[in-house]
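A quick write-up on the structure given underneath.
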Amino acid sequence: MSGQSALRGPALRMGGLVLALVLLVVVGVATGGERFWSTGNLITVLSLAAVTGVVSIGMTFVITSGGIDLSVGAVVGLASVWASTRSTQYMAEDYGWWVIPVTALIVGLVAGLINGLLVAYGKMPAFMATLAMLAAARGLAEIIAGRRTQIVFVEPFFDVLQARPLGVPMIVWIVVVVAAAGWFLLNRTTFGRRTVAVGGNAEASRLAGIKIKRHTLYLYGLTGLTAGIGAVILLARTTAGSSTHGTLLELDVIAAVVVGGTLLAGGRGTITGTVLGVLIFSTLTNVFVLNNLDSSVQAIAKGAIIVGAVLLQQWFASRERTTST
Amino acid sequence: MVDVDPDRAEQRAEQPLLRMRGIVKQFPGARALDGVDLEVRPGEVHCLLGQNGAGKSTLIKILAGAHQPTAGEVLLDEEPVTISDPVAALKLGIATIYQELDVVDGLTVAENIYLGHELATGGVTRRSDAARNTRQILDRLGHKEISPHREVGSMPAAGKQIVSLARALSRDARVVIMDEPSAVLDSEEVGNLHRIVRELTADGVAVVYISHRLEEIRQLGDRITVLKDGRTVATGLPVADTPTRELIKLMTGRTVEYAFPERSGVPEAAAPVLEVEGLGLGDVFQDISLTVRAGEIVGLAGLVGSGRSEILETIYGARRSTSGSVRVGGKRVRSGVDGAVAAGIGLAPEERKSQGLLLDEPVYRNITLSTFARMARGGLLDERAERAAAREQVEALDLRPASVDRDARTLSGGNQQKALLARWLVHGCRVLLLDEPTRGVDVGARSEIYGLIRRLADNGTAVLVVSSEIPEVLGMADRVLVISDGRAVHEGPAEEIDEHAVLDLVMEGSVA
């Protein structure tokens, strides 16, 4: 009986998320009609969700392992600035447009690895290590950019990243690919299994011979890498790098991951849930904008969704506990 | 034997202060208490004696309001009472001082003492009142030197114990239960503790005192109740004229006999697999040397806190040794857990749930936690192979229910243990370290676990096992090391030593 409920639990949770998304779409169609249910608007919804979406995939891993990364927003800002400095762009003109995205990815990866070193080997609480990175990365970005917006002038960069294969913007394709890769990594590889194991019971994993420190390092590196990808998407969408890019992104990302059903305490993570969580928030924003509603009201609705989703999760969890013991 | 005044016990009121009658506590799958009677008089030190698993902790928890008895009654002043929760226990005047001192490190002495019943007016704490009362209580305990404003986290264990005691007094406790209070103290502090206990009893407080040290019980106790397998086997024994031999006899000799598998006899020529030399870990244990040959089961016997579990964890690399070496098959083991696992050492830890299992993951993933990476191809999980390997073990070990997809949480203790053994069977380790393999396993499933361990050994695994149940170590192992205070005090074939001798070794420090 409990075996059944263990199978039913996740499916039920996913069903709830899909239902919430469908409800939002129904409200969108009812209040916005054509303005909401058009290819153009739906693609806008997806494009605006791209940065949050990509970073949420990385965050899903860290949270599944029982950690947290508060620095992703600041790292997105830093990577966007670093990848759009004059010297980076001159290099891109000399060697090729790819210098810009590669620079952003490296900056993100290195920042993530520093987080990982502090958490795994410096034994700092993840909350504090990444909070420090948040402050430092934002400060460094401001120094590099001199508080100015850096316009990207490397045209080939836009030729590639603003292209629309099959009518869908490249940045949406990037999210699709990252999400698919993330799902595969979490569910089908030893890396994913280690992540779930460490989050479920770090001591048991250590005693079973899993190198949890090294794995923790990789996890934060991965999240930093997704922040780098997020920076590339922002550069492509806004055509500029700025030290204010990604401000408060970490909150949207953590909200989407947790609403999606990944346990903040670790041990259970779902990429599908994260994608649904991102879509729910993005659709919500769109419906509010189309109805000319105040962004403050929108913030309140977001808060309500987070509270509702977490309460539901806890209810599911306690129900599983009682049916299985 | 030491300064027991023969008149002392008689002078006290004859009416018992606390009485427990026919207490039964049934846990799912195990009966922890099966008819316990206890009678405590005001002003006496009543010692509770029994082996690990005899039911002492459960009994204390019932008195402290942490557990509810399944049957039986508790009377205070001959009035039946219900101790529904810890607050109720304190209101009735029953205070418990646990072995793991339950003080809050970040708070001051006074704050700890008044935790949960703060002196306050309209929500604002009356700090000076609390400090003054705290000073009075500490004075009564003979510890004027402790400042009420000192942060408890900065105090040594003995000081924390004083705070625990002071808390009991601040509640006007009439019954104080102390669970192995001397275990965390050095000898000077123990003397002080004894003085305080005597002062408490002089004021008419009844003390229920739990200790493994017979010597201490002789010094301090008035009467003894002996528990065995959840039952009271003797109650109200006068400390003064009950010989040690009698007490040990009461504590041993099980009503439930476990079936141990036949020893297969380790050939003399069998190669040593695990060689530990001069291993030490700070002041936890020192100079432990032992050898386990292929096919041999070696047992470590000793009391809680003797360093048994730490020895296993150090061999496994989970703790960093301060001296000595560990070799497997003649080769020195790299430090750290992964070095031990690579050398072929496996550990089934004492705390199955917190150290062994992923409770919310399916059984097969628990079984392959050490091997999923080896089964994977190029980082891609081979769940089919994992399931197949797990299913094979589930059948071989008769793990029930025979499903590899259930969450580990849903299994009984015995079956969780089987899953952990299965993990190392799949891994194919040469040395298996077992810490309390039958803790929380019900009696029926125990023989099965014993059989399994013997089968592992017969297949050539070197097994090192720790158990706080002495008969279990003696029944299961080929050879036994007796550990007392972090040192090996005896080594020899398991057949040549009995439970009495082991208890004598660990309780008195010498063979009787």
Side-chain angles (χ1 to χ4, degrees), chain A residues 1-10 13 64-66 121 181 183-215 218 261-263 265-270 313 316-325, chain B residues 28 313 316-318 336-343 345-363 365-383 386 401 403-412 420 423-424 427 429 433 435:
Chain A
M1 162 183 171
S2 50
Q4 277 180 335
S5 81
L7 286 177
R8 241 192 286 147
R13 268 194 293 271
T64 302
S65 80
Y121 296 93
W183 185 90
F184 188 79
L185 191 62
L186 186 62
N187 295 298
R188 290 285 183 267
T189 67
T190 54
F191 185 89
R193 176 69 62 79
R194 283 190 197 104
T195 306
V196 176
V198 169
N201 190 338
E203 181 66 2
S205 303
R206 186 175 78 97
L207 291 178
I210 293 175
K211 298 180 174 91
I212 61 171
K213 286 185 181 175
R214 200 172 72 183
H215 190 71
Y218 292 166
T262 296
L263 284 186
R268 182 177 291 159
T270 152
Q313 265 188 29
F316 277 127
S318 70
R319 221 185 48 148
E320 264 173 47
R321 291 284 141 78
T322 47
T323 51
S324 65
T325 44
Chain B
E313 287 169 11
Y316 193 60
V337 171
D338 41 292
V341 172
I345 306 180
L347 169 77
E350 178 179 10
E351 301 290 337
R352 264 194 304 278
K353 289 184 178 167
S354 67
Q355 299 181 302
L357 293 168
L358 303 172
L359 290 170
D360 294 318
E361 289 284 300
V363 167
R365 288 190 185 174
N366 275 284
I367 291 178
T368 58
L369 190 62
S370 296
T371 40
F372 69 84
R374 202 171 66 194
M375 294 179 186
R377 282 184 212 142
L380 293 192
L381 295 170
D382 188 346
E383 300 221 35
E386 288 185 42
S403 152
V404 296
D405 290 307
R406 291 174 70 105
D407 285 353
R409 182 184 298 284
T410 65
L411 299 183
S412 70
L420 278 182
R423 177 184 297 168
W424 296 114
H427 189 267
C429 55
L433 310 174
D435 199 352

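All figures in this text were calculated on a predicted structure; none of them were measured in a lab. By convention in this document, chain letters (A, B, ...) are assigned in the order of the sequence lines, proteins followed by strands, and residues within each chain are numbered from 1.
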Q: Return the set of residues passing side chain to side chain contact (heavy atoms under 4.5 Å, CB included) with A:Thr64 (not counting sequence neighbours), or none when no residue passes.
A: A:Thr60, A:Thr195, A:Val196, A:Thr262
Q.
Restricting to side chain to side chain contact (heavy atoms under 4.5 Å, CB included), what partner residues turn up for B:Ser354, sequence neighbours left out?
A. B:Glu351
**Q.** Portion of A:Leu207 that has a non-hydrogen atom of chain B nearer than 4.5 angstrom
**A.** both
Q: Pick one of side chain, backbone, both or neither for B:Gln355, based on which atoms fall under 4.5 Å of a heavy atom in chain A.
A: both
Q: Report the distance from atom CG of B:Leu381 to atom CZ of A:Phe191, rounding to the nearest 0.5 Å.
A: 12.0 Å
(Q) Quick test of your reading of the model: are B:Glu361 and A:Arg193 salt-bridged, counting only N-O distances below 4.0 Å? (A) no
Q: Any salt bridge (charged side-chain N to carboxylate O under 4.0 Å, His left out) involving residues 195-204 of chain A? Give me the pairs, sequence neighbours left out, ordered by first then second residue.
A: A:Glu203-A:Arg206
Q | Region of B:Arg423 that comes under 4.5 Å of a non-hydrogen atom in chain A | A | side chain
Q) Under 4.5 Å, heavy atom to heavy atom, which residues of residues 368-375 of chain B contact chain A? A) B:Thr368, B:Leu369, B:Ser370, B:Phe372, B:Ala373
Q. Is A:Asn201 reaching over with its side chain to a backbone N or O of B:Leu358, donor-acceptor style, under 3.5 angstrom?
A. no
**Q.** Option that, when pairs with chain B are counted at under 4.5 Å, heavy atom only, ranks first among A:Gly200, A:Gly209, A:Gly267
**A.** A:Gly209
